[in-house]
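Worksheet: one structure, shown below.
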Amino acid sequence: MVIKNLENKIKLVLILCSLFLVGCVVISLGSIWAAKGMVNDAQKKVYVLDGNVPILVNRSTMEETLDVEAKSHVEMFHHYFFTLAPDDKYIKYTMEKAMYLIDETGLAQYNALKEKGFYGNIMGTSAVFSIFCDSIRFSKEDMSFTYYGRQRIERRTSVLMRELVTEGFLKRVPRTENNPHGLLIVNWRTVLNKDMEQHTKSNY
């Protein structure tokens, strides 16, 4: 009888120890999971100093801002590529900036225009090219875009407005100083580039 009671007490102690051990493991795992979540939340928070006052700002992932960044990237490229002035150094500068944002299809179009004497004609006629973005359609599913814009070409005696539509795709690349959005335009092509209206400048 004494031995049986002793066995029961040992079993009870083993059960209590086992439950205590399981409880410790559960509490430890829960603490690790909670701490990990707190660290991840803290990493998403950034403090910016406004003078001596820290202001909390939240970091966002690229997935959350992809639509905005994609449209900004496309608009930036078109601005560099289609904004031209009768200054060879300025043209070289903007083309170098544009080529960081696009694959070889952009360089191919630039070389084709250069061979046709397009940039030399700008210098000869003192033409100024400006680009205005009307809208950009972007699809996250296949990373495709369509750019709709207008180009203003001002010469000594006239001003010409042209309608411009281009298409292409985007792919992700590492962010750099020259490519802050971490995107690259690929398979770019001009779908439409036609005259809309032209008027003669007044001579005073």
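Numbering of residues begins at 1 and proceeds along the displayed sequence.
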[Y] and [X], any side-chain heavy atoms less than 4.5 Å apart:
X      : Y      : result
Thr146 : Thr166 : no
Tyr148 : Arg137 : yes
Lys114 : Met95  : no

>> Before you tell me yes or no, could you show the steps for Asp195 and Leu160 under side-chain contact (heavy atoms from CB on, under 4.5 Å), namely the whole-Å CA-CA distance, both residues' side-chain angles and the distance that decides it to 0.1 Å?
In response: CA-CA 7 Å; Asp195 294 350; Leu160 172 66; 3.7 Å; yes
Using the rule that two of Ile, Leu, Val, Met, Phe, Trp, Tyr join whenever any of their side-chain heavy atoms come within less than 4.5 Å, decide whether [X] and [Y] are in one cluster.
X      : Y      : result
Phe82  : Tyr147 : yes
Leu101 : Met143 : yes
Val186 : Leu66  : no
Phe81  : Leu107 : yes
Leu184 : Met99  : no

Distance (rounded to the nearest 0.5 Å) between [X] [atom1] and [Y] [atom2]:
X      : Y      : atom1 : atom2 : value
Leu164 : Lys194 : CG    : NZ    : 12.5 Å
Lys71  : Ser135 : NZ    : OG    : 8.5 Å
Glu163 : Arg150 : CD    : CZ    : 10.0 Å
Asp67  : Ser72  : CG    : OG    : 11.0 Å
Asn179 : Ile102 : CG    : CD1   : 11.5 Å
Arg162 : Leu192 : CZ    : CG    : 8.5 Å

> Checking side-chain contact (heavy atoms from CB on, under 4.5 Å) for the pair Tyr100/Tyr80: CA distance, chi angles, key distance, verdict?
Replying inline: CA-CA 11 Å; Tyr100 285 113; Tyr80 283 133; over 6 Å; no
Listing, residues 117-127 side-chain donor-acceptor contacts under 3.5 Å, not counting sequence neighbours, or none:
{"unit_1": "Thr125", "atom_1": "OG1", "unit_2": "Asn121", "atom_2": "O", "d": "2.8"}
{"unit_1": "Ser126", "atom_1": "OG", "unit_2": "Arg156", "atom_2": "NH2", "d": "3.3"}

> Can you say whether the rings of Tyr93 and Tyr90 are parallel (under 30°), tilted (30 to 60°) or perpendicular (over 60°)?
Replying inline: tilted
>> Working note: Asp142 + Ser144, criterion side chain to side chain donor-acceptor pair (under 3.5 Å); need CA distance, chi angles, decisive distance, verdict.
In response: CA-CA 5 Å; Asp142 59 356; Ser144 65; 2.8 Å; yes
> Who passes salt bridge (charged side-chain N to carboxylate O under 4.0 Å, His left out) against Arg152, sequence neighbours left out?
Replying inline: Glu154
> Of all residues at least two apart in sequence or in a different chain, which pass the side chain to side chain contact (heavy atoms under 4.5 Å, CB included) check with Val191?
Replying inline: Val165, Glu167, Arg189
> Which heavy atom of Val128 sits nearest a heavy atom of Pro86, and at what distance?
Replying inline: CG2-CD, 4.0 Å
> Within the side chain of His73, is there an N or O that forms a donor-acceptor pair under 3.5 Å with the backbone of Leu183?
Replying inline: yes
